[in-house]
Peer 1: 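Sharing a structure, written as structure tokens. Questions coming.
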There are 2 protein chains.
Amino acid sequence: MRAAALALFARHGFAAVSMRQIAAEVGVQAGALYNYTPDKQSLLFDLMRSHMEELLEALPSNSAAPVTEQLEEFVRFHIAFHDERPDLVFIAYMELRSLEPDNFAVIEQLRGRYETVLESILQIGAGEGAFSVGDTKVTTLAIIAMLTGVTTWFRPEGRLSLRAVQDQYWNMVHRMVTVAPERTV
Amino acid sequence: MRAAALALFARHGFAAVSMRQIAAEVGVQAGALYNYTPDKQSLLFDLMRSHMEELLEALPSNSAAPVTEQLEEFVRFHIAFHDERPDLVFIAYMELRSLEPDNFAVIEQLRGRYETVLESILQIGAGEGAFSVGDTKVTTLAIIAMLTGVTTWFRPEGRLSLRAVQDQYWNMVHRMVTVAPERTV
DNA sequence: GTCTATATTCTGATAGAC
DNA sequence: GTCTATCAGAATATAGAC
């Protein structure tokens, strides 16, 4: 049921999907779904919370490694993890406004913890002189927006391999946080 | 009515907003709305199409200027234009899936034209040796995702001025497309 | 644990008075 | 051009048989 709901929410949006549609996808009648979830809102919330918790748990944290390597690891991890769960990533971002206030607060807090991991890497790197960034919060949000955008177009069977995409994004992020070169033009 | 619908769609999502809610916001009864739109779908489509057309019309195109200046102009324009219409930008991105197939095709084509403007700048710059980019399509999507993300957090009365945000994003984009420096760490 | 049936409310859209 | 009233159907969720 969770898988069916996830696919439908990602394709049509939470509000546009009815419990009857989910039931039809599973192959049961609508009433049977309520043996597995108390209501529709909980179904969305559980999907989003478990996704965010898995994301945080899977996040590598080699705080002993050089910051540049930590940043590279973060970039590659973000793209790979999101590639494996495109629907979950999509709804975790798109359906925030469909959450009731209490549920929203929980997800928002988990999001904040994820962003803080990246921001800490940038701050430490800036302190060491390894990175040159302006505002670390702005840079954090810019990098996450850029990386998350990959899910809107990347397909494993497409023109570029996952590895090639990771390479190119790491290259872009690396340049973004490294001191500007002499003008070449 | 368009303004009321826009605000509600941006906050709750197209599917989650009823014609009665829009009417209540305007201060009329639901039936009266149908003097101004044939149906709810057209209301969304008209908002999105007029937004995309204004975006394309306002887009500067100084093809005589150096490509680096063209890119800087694009970056600053994108952020400023989107800052002025946060709700429109939000629904133009979030509600693509709420469009019926024919309407979706129209909006998608307009999106493509906008992306092509940026990609052309990158391609010309790469050809001239002014830029060093990997895949121009990937770079285009990465830059647009990064810039569009600004609307999710930027507030004019916030900590950073619009100008400061433009400066920092231009700095990041400029580094992204410029040849990598010698390793500093 | 799934079914059928249903309570209740809401939905987009229309008809006709004024 | 807006109102009231309404149509026809869909929505979430529940009750009770099996």
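Chain naming here is simple, since letters A, B, ... match the order of the sequence lines and numbering starts at 1 in each.
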Peer 1: Quick one: CG on N171(A) to CG on D167(A), what's the gap to the nearest 0.5 Å?
Peer 2: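 Taking CG in N171(A) and CG in D167(A), the distance rounds to 8.5 Å.
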Peer 1: N/O contacts under 3.5 Å, protein versus nucleotides 2-4 of chain D?
Peer 2:
from: dT2(D); atom 1: OP1; to: Y36(B); atom 2: OH; distance (Å): 3.3
from: dT2(D); atom 1: OP2; to: Y36(B); atom 2: OH; distance (Å): 2.8
from: dC3(D); atom 1: OP2; to: Q29(B); atom 2: N; distance (Å): 2.6

Peer 1: Within this structure, what is the CZ-to-C1' distance between R20(B) and dA11(D), rounded to whole angstrom?
Peer 2: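 From R20(B) CZ to dA11(D) C1': 13 Å.
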Peer 1: Is the Y114(B) ring parallel, tilted or perpendicular to the H78(B) ring (thresholds 30°, 60°)?
Peer 2: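 Rings of Y114(B) and H78(B): tilted, 30 to 60°.
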Peer 1: Could you state the atom-to-atom distance from CE of M19(A) to C1' of dC10(C) in whole Å?
Peer 2: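 Interatomic distance, CE of M19(A) to C1' of dC10(C): 17 Å.
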Peer 1: Are Q41(A) and S98(A) linked by a side-chain donor-acceptor pair shorter than 3.5 Å?
Peer 2: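 The answer is no; no qualifying pair exists.
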Peer 1: Once you round it to whole Å, what is the distance between P of dT14(C) and NZ of K40(B)?
Peer 2: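 Rounding to the nearest Å, NZ of K40(B) and P of dT14(C) are 15 Å apart.
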Peer 1: Looking at E95(B) and R97(A), does any basic side-chain N land under 4.0 Å from a carboxylate oxygen?
Peer 2: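 Salt bridge: yes.
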Peer 1: Without decimals, in angstroms, what is the distance between H12(A) NE2 and dA11(D) P?
Peer 2: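 Atom-to-atom, H12(A) to dA11(D), this comes out as 12 Å.
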Peer 1: Does the ring of F74(A) carry R76(A) above it, NZ/CZ under 6.0 angstrom from centre and within 45° of its axis?
Peer 2: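 No - R76(A) does not lie over the ring of F74(A) by the 6.0 Å and 45° rule.
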Peer 1: Where the side chain of Q29(A) meets the backbone of A23(A), is there a donor-acceptor pair that is under 3.5 Å apart?
Peer 2: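 Side chain of Q29(A) to backbone of A23(A): no pair is present.
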Peer 1: Taking only the side-chain nitrogens and oxygens of S18(A), find out if one of them lies under 4.0 Å from OP1 or OP2 of dA10(D).
Peer 2: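 No.
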